[in-house]
Chemist: 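Dumping the structure here so I can ask a few things about it.
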Amino acid sequence: MTDSQPLREIRINPIVPSESVLVATARGSRPRKDEAPAPRDTRAHVATCPFCQGNEHLTPPTIAAFPAAGEWRVRIVENLYPVLGDDRAGGSLVFGLQQAIEGYGRHEVIIDHPQHGTAIHEMSESHLSLLFAAYRTRMRQLYDSNPRLKYVLVFKNFGPAAGASIPHTHSQLIAMPVVPENVHNELEHSRIYFKKHHQCIFCSLIDEALTFEATLYHRDSGEIRRKIHVGQYVVERGEHCIAIKPFASRFEWEVHILPLVHQSDFLAINDDVRDDLARVLRRTMARLDAVIGGAQYNYFLHSQPHGPEHADCGASYHWHLEICPRTSIPTGFELGSGLFVSTISPETAAERLRAVVID
Ligand SMILES: [Zn+2]
Ligand SMILES: [Zn+2]
Ligand SMILES: [Zn+2]
């Protein structure tokens, strides 16, 4: 399908139905201001950058390095300005209607690469696989270190529009005593879907993306309203992982990567899936870079939380990596309504990403 016929519809997120997106592709209905692409810092080494190789004395001490001996390729350090800290007791504070949990947890920085300005799509697949191994190792260590930690969120901010304060390529990790709202909503709704259909909703979405084919007609005129064909939402298909453009994407160029075989906990990922995840991510980021140029983005990993209250979602939840490029600034309408506006249809976005020729 192309955008020749303007589309104006509210799409309900199949996983979290309380989230919806307004797809309005007509030119005149462009309600948002585009985010200007920031010039990317591509220098290999910057003398004053705390994350560059050789400047290790400028950061807090190393928590973990990969590989453990010799020159590091990925390094994890404490965050100088943590949003959560383990100096807190982790108790609850209740005063009338005001309830709070002490800001107990960990906030760490993962330096993705020794070189300053290397973007994800420029890294080798073996390096990206090592980066995912670093995520997994540190997540496991944190879960093992303290049963009060329910969720370890790994995420990346790239570019000032995505909230990155240091240009050197890095990810972050926040271990927290609560399950974040977004993950909680996905967990709850996928649990309900599983009870009804005895299948994981993410697996169903993958099946649909790979095989669904249909033509929708206008009831009165008989005209074709929309054609849905095989792989319409598939951006990149690997041996073990798939990159999909969500049908109801909050961000115009949003792409999700999931393992093809059901798995709820990212910690259970084996080396083959990890290598393929690296490959699919590199190729997806190369596609995004080619289409939107100098993408500023956030990505984050959603996986099964730990703790006994979440032990039953192994069959209903499916880990995934959400990539959210920041190409426009949310407006008051979007913040006030929670209804995100997309001015390109997800089908067209997927088509354009797929069309990029990469090595
Ligand atoms: Zn640097
Ligand atoms: Zn699944
Ligand atoms: Zn998610």
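Quick caveat, the model's predicted, so the values are computed rather than measured. Scope of the values below: all heavy atoms of this structure, side chains included, with no hydrogens, waters or symmetry mates. Starting from 1, each residue takes its place in the sequence as its number.
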Chemist: Between the side chains of Asp276 and His240, does any donor sit under 3.5 Å from an acceptor?
Modeler: no
Chemist: Are the side chains of Glu78 and Ile63 in touch, meaning some heavy atoms are under 4.5 Å apart?
Modeler: yes
Chemist: How about Thr59 and Arg75: does a side-chain donor come under 3.5 Å of a side-chain acceptor?
Modeler: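 A donor-acceptor contact under 3.5 Å links the two side chains.
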Chemist: Does a donor on one side chain sit under 3.5 Å from an acceptor on the other, for Gln263 and Trp319?
Modeler: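 A pair is found: one side chain offers a donor N or O, the other an acceptor, under 3.5 Å apart.
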Chemist: Can you tell if the side chain of Tyr151 reaches within under 4.5 Å of the side chain of His184, non-hydrogen atoms only?
Modeler: no
Chemist: Under 3.5 Å, is there a donor-acceptor pair between the side chain of His262 and the main chain of Gly314?
Modeler: yes
Chemist: Does one side chain, of Ser316 or Lys195, offer a donor that lies under 3.5 Å from an acceptor on the other?
Modeler: no
Chemist: Could you walk me through whether Glu309 and Arg191 pass the salt bridge (Lys or Arg N to Asp or Glu O under 4.0 Å) test, one step at a time?
Modeler: CA-CA 13 Å; Glu309 62 274 45; Arg191 214 195 294 261; over 6 Å; no
Chemist: With rounding to the nearest 0.5 Å, note down the distance linking OG in Ser204 to CZ in Phe194.
Modeler: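 Between Ser204 OG and Phe194 CZ, I get 10.0 Å after rounding to 0.5 Å.
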Chemist: Side chains of Ser171 and Tyr135: donor-acceptor distance under 3.5 Å anywhere?
Modeler: yes
Chemist: Do Tyr233 and Glu347 pair up side chain to side chain, a donor and an acceptor below 3.5 Å, judged on atom types alone?
Modeler: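 Looking only at side-chain atoms, Glu347 and Tyr233 do form a donor-acceptor pair, the distance falling under 3.5 Å.
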Chemist: Establish, from distance only, whether the side-chain atoms of Thr343 and Glu252 form a donor-acceptor pair under 3.5 Å.
Modeler: yes
Chemist: How far apart are the closest heavy atoms of Ser129 and Asp275, and which atoms are they?
Modeler: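 Minimum heavy-atom contact is OG-OD1, 2.6 Å.
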Chemist: When clusters are formed by joining ILVMFWY residues with side-chain heavy atoms under 4.5 Å apart, either directly or through shared neighbours, do Trp72 and Ile76 land in the same one?
Modeler: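 No, because Trp72 and Ile76 fall into different hydrophobic clusters, even though each may have its own neighbours under 4.5 Å.
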Chemist: Can you tell if the side chain of Leu149 reaches within under 4.5 Å of the side chain of His306, non-hydrogen atoms only?
Modeler: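 The answer is no, as the side chains (C-beta and beyond) never meet within the 4.5 Å cut-off.
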Chemist: Quick one: NE2 on His256 to CZ on Phe202, what's the gap to the nearest 0.5 Å?
Modeler: 9.0 Å
Chemist: Tell me whether Tyr317 is reachable from Leu260 by hopping between hydrophobic residues (I, L, V, M, F, W, Y) whose side-chain heavy atoms are closer than 4.5 Å.
Modeler: yes
Chemist: Does a side-chain N-to-carboxylate-O contact under 4.0 Å join Arg283 and Glu125?
Modeler: no
Chemist: Do you reckon Val109 sits in the same ILVMFWY cluster as Met123, going by side-chain contacts under 4.5 Å, direct or chained?
Modeler: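 No; tracing contacts between hydrophobic side chains, which count when under 4.5 Å, never links both residues.
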Chemist: If you compare all heavy atoms of Ser264 against all heavy atoms of Ser303, which two are closest, and at what distance to 0.1 Å?
Modeler: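 The answer is O-OG, 3.6 Å.
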Chemist: Do Arg11 and Glu9 meet the salt-bridge criterion of a basic N to acidic O distance under 4.0 Å?
Modeler: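 Salt bridge flag = yes for Arg11 with Glu9.
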Chemist: Would a 4.5 Å heavy-atom cut-off, applied to side chains only, mark Ile244 and Leu258 as touching?
Modeler: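 Yes, close enough: below the 4.5 Å cut-off.
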Chemist: His116 and His45: ring pair (Phe, Tyr, Trp, His ring centres under 6.0 Å), yes or no, with the steps?
Modeler: CA-CA 5 Å; His116 188 77; His45 189 269; 8.3 Å; no
Chemist: Is there side-chain contact between Arg287 and Thr284, with at least one heavy-atom pair below 4.5 Å?
Modeler: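 A side-chain contact is absent here, since even the closest heavy-atom pair is not under 4.5 Å.
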Chemist: Let me confirm one number: the CZ-CD1 distance from Arg237 to Ile242, rounded to the nearest 0.5 Å.
Modeler: 6.0 Å
Chemist: Any non-hydrogen side-chain atom of Gln115 less than 4.5 Å from a side-chain atom of Gln53?
Modeler: no
Chemist: Hey, could you give me the CD1/CD1 distance between Ile201 and Ile192, rounded to the nearest 0.5 Å?
Modeler: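 Reported to 0.5 Å precision, the distance equals 10.0 Å.
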Chemist: Do Glu254 and Phe340 come within less than 4.5 Å of each other through their side chains, counting heavy atoms only?
Modeler: no
Chemist: Is it true that Asn13 and Glu19 share a donor-acceptor pair across their side chains at a distance under 3.5 Å?
Modeler: yes
Chemist: Which atoms form the tightest heavy-atom contact between Met139 and Leu301, and what is the distance?
Modeler: SD-CD2, 4.2 Å
Chemist: Of all the heavy-atom pairs spanning Leu187 and Cys313, show the shortest one and how long it is.
Modeler: CD2-SG, 3.5 Å
Chemist: With a 4.5 Å heavy-atom cut-off, do Glu334 and Val341 have their side chains touching?
Modeler: yes
Chemist: Would you check, one step at a time, whether the test salt bridge (Lys or Arg N to Asp or Glu O under 4.0 Å) holds for Glu236 with Lys245?
Modeler: CA-CA 10 Å; Glu236 181 76 43; Lys245 183 85 192 83; over 6 Å; no
Chemist: If I compare all heavy atoms of Pro17 with all of Ile12, which pair ends up nearest, and what's the gap?
Modeler: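 What the structure gives for the nearest pair is O-CG2, 3.3 Å.
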Chemist: Measuring from Glu208:CD to Ile206:CD1, what's the distance to the nearest 0.5 Å?
Modeler: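 Here the rounded value is 11.5 Å.
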Chemist: Of the non-hydrogen atoms in Val280 and Ala243, which two are nearest, and what is the gap between them?
Modeler: CG1-CB, 3.9 Å
Chemist: Does any N or O in the side chain of Arg106 come within less than 3.5 Å of the main-chain N or O of Met176, such that one atom is a donor and the other an acceptor?
Modeler: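 Judged by distance alone, no pair lies under 3.5 Å.
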